[in-house]
Number of protein chains: 2
Amino acid sequence: MNTINTELLILESAKKLFIINGLEKTKMQQIADEAGINKSLLHYYFRTKDKLFEAVLAGILAEIAPMLKTFFGGDTPIFTKIERFVETYINLINKNPFLPEFVFNELNRNPENLVRVMISAGVDPDAILQQIEAEIESGKIKNINPKQLLINILALTIFPFLAKPIVKRILLENDEALFNQFIEERKALVSEFIINAITIK
Amino acid sequence: MNTINTELLILESAKKLFIINGLEKTKMQQIADEAGINKSLLHYYFRTKDKLFEAVLAGILAEIAPMLKTFFGGDTPIFTKIERFVETYINLINKNPFLPEFVFNELNRNPENLVRVMISAGVDPDAILQQIEAEIESGKIKNINPKQLLINILALTIFPFLAKPIVKRILLENDEALFNQFIEERKALVSEFIINAITIK
DNA sequence: GTCTATATTGTGATAGAC
DNA sequence: GTCTATCACAATATAGAC
């Protein structure tokens with residue numbers, strides 16, 4: 001196994017475990033086992049556990065940058081953006097069910113990471129606010145604080161995933177298939193809900 | 001210091017630290033320091049760290065039970081319930097800013113705790129769903145999956161607190177006062193948003 | 001680069017005096 | 001009930017052979 005492959009192997013193994021169990025609960029031994037190598041190699045490549053975690057996190061943040069760009073940037077109409085964001089977010093999660101909670105927690109723990117990602121993705125957080133403002137001015141949507149609308153969109157999209165265990169247990173008989181169906185239904189429902197809420201009648 | 005006071009002192013100290021830092025990051029030594037006593041006393045009163053945590057959690061869950069009862073039980077109209085829930089939830093958090101994330105995480109980690117609290121509070125999770133169903137039947141509100149509406153209500157209310165660091169940093173110049181103002185504005189805004197979304201025009 | 005062995009530290013928990 | 005001293009173990013990190 002040469003240098004580059006081992007390094008990537010470690011990163012992938014650590015990523016898998018960090019996402020599921022977080023920094024504290026993931027042990028170096030676990031990561032080594034997952035990668036099929038010795039504990040010492042982890043330190044050889046990444047010096048400390050914290051630095052390994054930082055490396056993993058950086059990779060994950062780079063992955064989600066395009067989604068942020070699609071949502072926050074560009075001049076697609078806001079209704080279309082909402083539909084696409086909900087769709088993209090849900091699809092992303094189907095590929096990696098534990099990712100959203102992990103990313104959300106990390107960005108919450110250190111919002112500067114989010115700032116950095118947005119800058120690196122060439123995204124201005126204010127752009128979408130100005131877009132909403134413009135759509136209000138033009139009479140397309142009701143007068144609402146653009147920041148509040150933005151939070152509402154994010155809340156309706158992200159919350160069900162953050163609260164997945166609760167939602168499954170209380171409302172859906174703890175059934176994974178029912179949850180997926182529930183989420184699938186939201187792809188159309190969330191957009192419709194928001195549009196109904198802010199369209200001028 | 002007699003038995004009862006010391007026990008309460010430990011519980012309060014542990015509560016404070018567990019809420020802010022969680023189970024893993026809170027050390028027994030920290031709790032002892034916070035309480036101004038020796039580490040051994042913690043074990044004397046609660047045997048293990050896990051049992052101490054359980055005791056703290058039980059106390060907190062008992063605290064939030066009344067709010068759940070108000071929201072999920074009773075036959076107040078759903079619009080009124082929404083307004084009151086948003087108001088109650090926000091006020092609760094103003095008293096203890098770190099509580100919602102902690103409680104949310106714990107209930108998510110082990111939803112059986114939520115089930116238990118609801119039972120102990122005499123609350124049937126299905127009651128509010130039937131209430132929504134009835135209001136749809138009677139033509140008061142649009143046809144929407146009651147479970148989806150319920151999640152939307154919870155999402156719009158709870159999410160901003162879960163995402164507080166992000167919201168503050170990205171939208172509100174990291175200003176605590178602006179955040180409080182933002183939340184205050186939501187007391188009316190969330191209800192209005194939902195009502196607009198589901199009222200038949 | 002990769003391994004085995006070991007050092008070091010932190011932390012939950014117990015023993016035993018008072 | 002409360003304290004000091006200590007144990008036992010787990011986990012990160014390093015030393016050094018190959």
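Side chains are part of it too, since the values below use all heavy atoms of this structure and drop only hydrogens, waters and symmetry mates. Every chain is numbered from 1 and lettered A, B, ... according to where its sequence line falls, protein lines coming before strand lines.
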**OP:** Please state how far atom CD in B/Gln29 lies from atom C1' in D/dA5, giving the value in whole angstrom units.
**Re:** 13 Å

Original post:
Rounded to whole angstrom units, what separation is found between the CG atom of A/Leu52 and the P atom of D/dA11?
Top reply: 16 Å

Subject >> Polar contact flag, side-chain donor to acceptor under 3.5 angstrom, B/Lys16-B/Asn21 >> reply: no

**OP:** Look at the side chain of A/Ser40 and decide which nucleotide, out of D/dA15, C/dA13, D/dA5, has an atom nearest to it.
**Re:** D/dA15

Subject >> Nearest-angstrom distance from the residue atom CZ of A/Phe53 to P of D/dT12 >> reply: 14 Å

Original post:
Given atom NZ of B/Lys25 and atom P of C/dT11, what is their separation to the nearest angstrom?
Top reply: 13 Å

Original post:
Is there a side-chain polar atom (N or O) of B/Arg47 under 4.0 Å from OP1 or OP2 of C/dG12?
Top reply: no

Original post:
Is it the case that A/Arg186 and B/Asn152 place a side-chain donor and acceptor less than 3.5 Å from each other?
Top reply: yes

Original post:
What is the distance, rounded to the nearest whole Å, between atom CG of B/Leu42 and atom C1' of D/dT4?
Top reply: 15 Å

Subject >> Derivation of the salt bridge (Lys or Arg N to Asp or Glu O under 4.0 Å) call for A/Glu112 and B/Arg169 >> reply: CA-CA 8 Å; A/Glu112 293 311 317; B/Arg169 177 62 182 84; 2.6 Å; yes

Subject >> Below 4.0 Å: OP1/OP2 of D/dT2 and any side-chain N or O of B/Thr6 >> reply: yes

**OP:** Over all heavy atoms of both residues, which pair between B/Phe46 and B/Lys51 is shortest? Give the atoms and the distance, please.
**Re:** O-CB, 3.3 Å

**OP:** Return the nearest nucleotide to the side chain of A/Met28; candidates are C/dA13, C/dC3, D/dA13.
**Re:** D/dA13

**OP:** Please check the phosphate of C/dA13 (OP1 and OP2 only) for any side-chain N or O of B/His43 closer than 4.0 Å.
**Re:** yes

Original post:
Considering only D/dA11, D/dT2, C/dG12, which nucleotide approaches the side chain of A/Lys27 most closely?
Top reply: D/dA11

Subject >> Separation of atom CZ in B/Phe46 from atom P in D/dT2, rounded to whole Å >> reply: 12 Å

Subject >> Under-4.0 Å side-chain N/O to phosphate OP1/OP2 contact, A/Tyr44 with D/dT14 >> reply: no

**OP:** Output the single nucleotide from D/dC3, C/dT4, C/dG12 whose closest atom is nearest the side chain of A/Asn38.
**Re:** C/dT4

**OP:** May I have the distance from B/Asn5 (atom CG) to D/dT2 (atom C1'), rounded to whole angstrom?
**Re:** 15 Å

Original post:
Given C/dC3, C/dG12, D/dA5, which nucleotide is nearest the side-chain atoms of B/Lys49?
Top reply: C/dG12

Subject >> Whole angstrom value for the distance that separates P of C/dG10 from CD1 of B/Ile31 >> reply: 18 Å

**OP:** Answer yes if the side chains of B/Asn196 and A/Lys142 hold a donor-acceptor pair under 3.5 Å, and no otherwise.
**Re:** yes

Original post:
Closer to the 5' end of DNA chain D via nearest nucleotide, is it A/Lys39 or B/Leu41?
Top reply: B/Leu41

